[in-house]
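Everything on this sheet refers to the single structure shown next.
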Amino acid sequence: MPELPEVEVSRLGIEPHLKNARLLQVIVRHQQLRWPIPEIISQLRDQPILAVQRRAKYLLVQLPAGTILIHLGMSGHLKVLPQDTPAQKHDHVDWLLDNGKLLRLNDTRRFGAVLWQANGEGHELLDSLGPEPLTDDFTAEHLFALCQKRKAAIKLVLMDNHVVVGVGNIYANEALFKARILPTKPACELTLAQCAVLTNVVRKTLAQAIEQGGTTLKDFSRADGQPGYFKQELFVYGRGQQPCLVCEHPLTEIRLGQRSTVFCAHCQG
DNA sequence: ATATCCACCTGGCGGC
DNA sequence: TGCCGCCAGGTGGATA
């Protein structure tokens with residue numbers, strides 16, 4: 001469930017359990033995620049956890065010597081559980097804490113990652129990322145400037161991490177619908193005004209989803225999964241052929257960059 | 001530099 | 001019930 005809002009909801013859910021706790025030990029059951037988990041991760045012992053932050057879809061667990069980077073990929077989940085909870089299928093990493101709890105990473109498809117960033121060093125995966133969508137760095141002017149250089153479909157540009165981070169397939173579809181812009185429209189054809197609408201819509205949609213994740217938040221450490229809390233808010237994603245919720249014309253579904261793309265040819269034309 | 005396609009991996013679904 | 005192909009919330013990397 002790792003859209004940016006889900007990652008942020010995860011961060012908000014785990015931070016109270018991790019911050020100011022000590023990391024006693026790390027158990028790596030499956031080292032081969034998207035990349036091998038570095039040896040240094042499994043060798044960590046008795047480290048205070050200083051902070052739990054987020055950059056794009058990476059969670060950053062800050063220790064005195066450096067930072068653990070966690071990416072959830074397509075299927076990753078984090079849970080805080082009592083330390084004696086037996087591991088189940090696809091539970092790949094446990095971080096044991098001194099408060100009787102553990103942080104557990106479950107990732108069916110193993111597209112996620114656990115990496116290490118030493119203090120004072122950047123990380124190549126973070127270095128080239130674009131602005132955070134929920135900060136003032138993501139402006140209409142920034143989006144417009146990059147769009148002018150690209151003739152690719154706006155949906156592909158919106159999902160490009162160099163342009164803005166955190167906009168995945170669901171939110172790219174949803175934001176373009178709300179902005180009334182065709183996903184296939186060449187980015188270089190967008191006006192500054194359209195870029196302004198789009199930046200605002202992206203911001204609003206992500207922020208709203210994070211807020212709704214707050215409901216999930218309080219059950220976060222339960223063993224059971226969480227409901228699709230924003231599912232009822234979706235206008236187009238997963239609704240190909242169904243009537244548009246605004247104009248009732250059937251929604252069109254195509255493939256764009258090998259990703260499912262749904263839009264209303266009437267509203268977004 | 002951009003654009004395109006592929007790769008990684010497991011599981012759920014619909015169709016035969 | 002089984003097998004097969006397709007699909008899935010991501011994104012780095014190879015290629016032209």
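If you're wondering where the values come from, they're calculated on a predicted model, not measured in any experiment. Numbered from 1 within each chain, the chains take letters A, B, ... in sequence-line order.
Judged purely by distance below 3.5 Å, without hydrogens or angles, the side chains of Asn169(A) and Lys155(A) pair a donor atom with an acceptor atom. Judged by distance alone, the side chains of Thr261(A) and Glu253(A) never bring a donor and an acceptor atom under 3.5 Å apart. Looking only at atom types and distance, the side chain of His71(A) has no donor-acceptor partner in the side chain of Arg34(A) under 3.5 Å away.
Among the heavy atoms of the strands, none lies under 4.0 Å from Lys149(A). As judged by a 4.0 angstrom heavy-atom cut-off over every strand, Arg259(A) is placed among the base-contacting residues.
The stretch residues 172-179 of chain A does not touch DNA chain C, since none of its heavy atoms comes less than 4.0 Å from the strand.
For Tyr237(A) and dC7(C), the OH to P distance is 12 Å, given to the nearest whole Å. Here the P atom of nucleotide dT2(B) and the CD1 atom of Ile154(A) are 14 Å apart, to the nearest Å. Whole-Å rounding puts the Met159(A) CE to dT11(C) C1' distance at 10 Å. Summarising the geometry, the separation between CG on Asn169(A) and C1' on dG10(C) is reported as 10 Å, rounded to the nearest angstrom. If you measure from atom OH of Tyr58(A) to atom P of dG10(C), you get 12 Å, rounded to the nearest angstrom. Summarising the geometry, the separation between CG on Leu125(A) and P on dT11(C) is reported as 10 Å, rounded to the nearest angstrom. Whole-Å rounding puts the Leu256(A) CG to dA3(B) C1' distance at 12 Å. Between the NE2 atom of His71(A) and the P atom of dG12(C) there is a distance of 7 Å, given to the nearest Å.
Between the His123(A) side chain and the Ala118(A) main chain, no donor and acceptor come within less than 3.5 Å of each other.
With salt bridges taken as basic N to acidic carboxylate O contacts below 4.0 Å, none links Asp91(A) and Arg29(A).
Note on ring orientation: taking the six-membered ring where Trp is involved, the planes of Phe177(A) and Phe235(A) are parallel (angle under 30°, cut-offs 30° and 60°).
You'll find the side chain of Val114(A) reaches within 4.5 Å of the side chain of Ile68(A), heavy atoms only.
OP1 or OP2 of dG11(B) has not a single side-chain nitrogen or oxygen of Ser75(A) nearer than 4.0 Å.
Base-pair partner of dC9(B): not found among the strands shown (Watson-Crick or G-U wobble, both distances under 3.5 Å). When both pairing distances are held under 3.5 Å, dG14(B) makes a Watson-Crick or G-U pair with dC4(C).
The two atoms that bring Ile49(A) and Leu18(A) nearest to each other are CB-O, 3.4 Å, heavy atoms only. The minimum heavy-atom distance between Arg55(A) and Pro131(A), with the atom names listed, is NH1-C, 4.2 Å.
Across dG11(B) and dT11(C), the matching P atoms stand 22 Å from one another, rounded to whole Å. Nucleotides dC7(C) and dC5(B) place their P atoms 15 Å apart, quoted to the nearest Å. Between the P atoms of dC6(B) and dC6(C), the separation comes to 13 Å (whole Å). Nucleotides dT1(C) and dG12(B) place their P atoms 16 Å apart, quoted to the nearest Å.
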Revision key, fill the gap. Heavy-atom contacts, protein to nucleotides 4-10 of chain B, under 4.0 Å, summarised as B (base), S (sugar-phosphate only) or - (none) per nt, yield -BB-BBB
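Screening Glu132(A), Glu6(A), Glu15(A) for a salt bridge (Lys or Arg N to Asp or Glu O under 4.0 Å) involving Arg54(A) leaves a single residue, Glu132(A).
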